[in-house]
Amino acid sequence: MLRNFSYRRAASVKEAVSAAARPGAQILAGGTDLLGCLRDEIFTASTVVSISGIKELKGITARPGGGLRIGAMTTLTEVAESKEVSSAYPVLAQAAAAAASPQLRNQGTIGGNICQRPRCWYYRGDFNCLRKGGDTCFAASGENEFHCIFGGAPCFIVHPSDTAPALVALDARITITGAKGTRTIPLASFFVLPEKNVLKENILEPGDVVTEILLGPPAAGSKSMYRKVRERGAFDFASAGAAIVLTLSGGKVGSARVVLSGVAPVPWRSAEAEKALVGGSLDAATAAAAGEAAVKGASPLEKNAYKVLMVRGVLEESLAALT
Ligand SMILES: Cc1cc2nc3c(=O)[nH]c(=O)nc-3n(C[C@H](O)[C@H](O)[C@H](O)COP(=O)(O)OP(=O)(O)OC[C@H]3O[C@@H](n4cnc5c(N)ncnc54)[C@H](O)[C@@H]3O)c2cc1C
């Protein structure tokens, strides 16, 4: 049941920050995640603050000096279909196109996609789990086939976003405006592991509004791609996926970013896979070495050891496709 709340449509970021800083307020972007959470009483809202009327949060624009600015209220469809994104950052266009269904991508925004709450069925169900302030992670010894194999404990969620790993692989930065002012930080430092704070997936404080995502110009000779494996072809969250950004020079990998999706509570950067790639030729042997390196630190739960093989397979297939 959807409980009563008051509704505020902010006309500016300043107004949104001040309304969202009030106790129990929640920010509403496209609503595809928030409204489901409120309806299912995962959490409640005293006030819902819509940011959909704030013009400066919308659209994709070129940055002076190169790169793109993507407003937080830009829809996933706009990101997936943008020529500027797909030509310079294929990994991001592919990730946005792989998220959810066409209807959800038309309504859901990139800001909402990186801020969405986890999909763990205990968190979303009638369980007072750790993430809801309880004292038990029911996934630890329960039905944990869709849970994490990296970075878990005390809670074993996976981060549900497809665009977040792509953006982290692109070294994106994110701008947040809150009661204390505006800051721009690397997106990689936005996400929070359960060991640091089991109640939150990111560093946002009440009243903080994500306003934009900033991408630098792509490096010369860069190639990128996003690939995810999911149970249901039509639309589904990643069981495992990988965002890869490489530069090639003289047939060798000059630099590499490998960020995994669907396997950790945050977009999971695999420094081991990156190390296995840099300096090598982009061939089957290097891809196999990267796949093996990526899963070295994996700690599967009772029912999700299949994800270890899946990560290797996704990496090997993606790297083969990039050759
Ligand atoms: C059936 C289904 C399948 C899905 N499959 C996938 C999938 O395969 N891959 C994937 O990546 N996603 C998937 N999603 C998630 C979907 O992409 C997200 O719901 C959507 O991107 C969220 O965007 P929104 O604008 O609707 O956010 P909202 O629902 O409005 O907000 C989501 C959360 O983010 C916060 N928030 C939103 N914008 C801001 C902001 N600018 N600043 C601060 N906080 C903010 C809200 O307060 C809320 O907590 C799926 C969703 C559904 C319902």
Side-chain angles (χ1 to χ4, degrees), residues 5 7-10 13 16-17 19-21 24-40 42-54 56-58 70-80 92 94-119 123-124 131 146 158-167 174-178 182 187 190-191 199-213 226-241 243 261-262 267:
F5 51 76
Y7 175 78
R8 180 88 181 267
R9 190 166 155 87
V13 172
V17 168
Q26 297 285 343
I27 291 170
L28 175 77
T32 60
D33 181 43
L34 182 73
L35 295 179
C37 288
L38 296 180
R39 181 202 55 208
D40 296 341
I42 313 302
F43 51 82
T44 56
S46 57
T47 308
V48 165
V49 182
S50 170
I51 56 172
S52 66
I54 308 175
E56 68 187 85
L57 300 186
K58 293 180 188 170
I70 306 178
M73 280 301 296
T74 308
T75 66
L76 293 172
T77 299
E78 287 165 335
V79 174
L92 178 58
Q94 290 163 9
S101 65
Q103 292 89 339
L104 287 159
R105 293 195 293 274
N106 288 341
Q107 178 69 18
T109 64
I110 191 148
N113 192 256
I114 61 178
C115 297
Q116 62 177 300
R117 304 306 311 270
R119 288 276 155 182
Y123 174 71
R124 296 267 170 165
R131 197 157 288 270
F146 297 119
V158 295
H159 200 280
S161 170
D162 286 309
T163 61
L167 289 165
I174 183 174
T175 304
I176 300 162
T177 299
T182 294
L187 182 64
F190 177 71
F191 301 101
L199 300 172
K200 289 167 63 162
E201 297 82 51
N202 56 52
I203 57 160
L204 291 180
E205 297 292 340
D208 279 348
V209 178
V210 174
T211 58
E212 63 184 9
I213 292 155
Y226 181 72
R227 174 164 158 65
K228 83 192 234 198
V229 179
R230 49 190 158 183
E231 276 227 318
R232 183 173 47 173
F235 65 93
D236 213 340
F237 293 90
S239 299
S261 59

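First listed ligand is number 1; within each ligand, the first listed atom is number 1.
Between the side chains of Ser52 and Ser50, a donor-acceptor pair is found at a separation under 3.5 Å.
Ion pairing of Glu201 with Arg131 is present here, as a side-chain N (NZ or NE/NH1/NH2) and a carboxylate O approach within less than 4.0 Å.
Of the candidates Asn202, Val17, Ile203, Ile176 forms a side chain to side chain contact (heavy atoms under 4.5 Å, CB included) with just one, namely Ile203. Between Asp33 and the choices Arg117, Arg39, Arg124, the salt bridge (Lys or Arg N to Asp or Glu O under 4.0 Å) rule is met once, by Arg124.
Contact of the Phe190 side chain with the Val210 side chain is registered, since non-hydrogen atoms from C-beta on lie closer than 4.5 Å.
For Arg230, the salt bridge (Lys or Arg N to Asp or Glu O under 4.0 Å) test picks out no residue, with sequence neighbours left out.
At a heavy-atom cutoff of 4.0 Å, ligand 1 is surrounded by Ile27, Leu28, Ala29, Gly30, Gly31, Thr32, Asp33, Leu34, Ile51, Ala72, Leu76, Ala99, Ala100, Leu104, Gly108, Thr109, Gly111, Gly112, Asn113, Cys115, Gln116, Arg119, Pro160, Ser161, Asp162, Leu204, Asp208, Val209, Val210, Lys228, Phe235, Asp236, Phe237.
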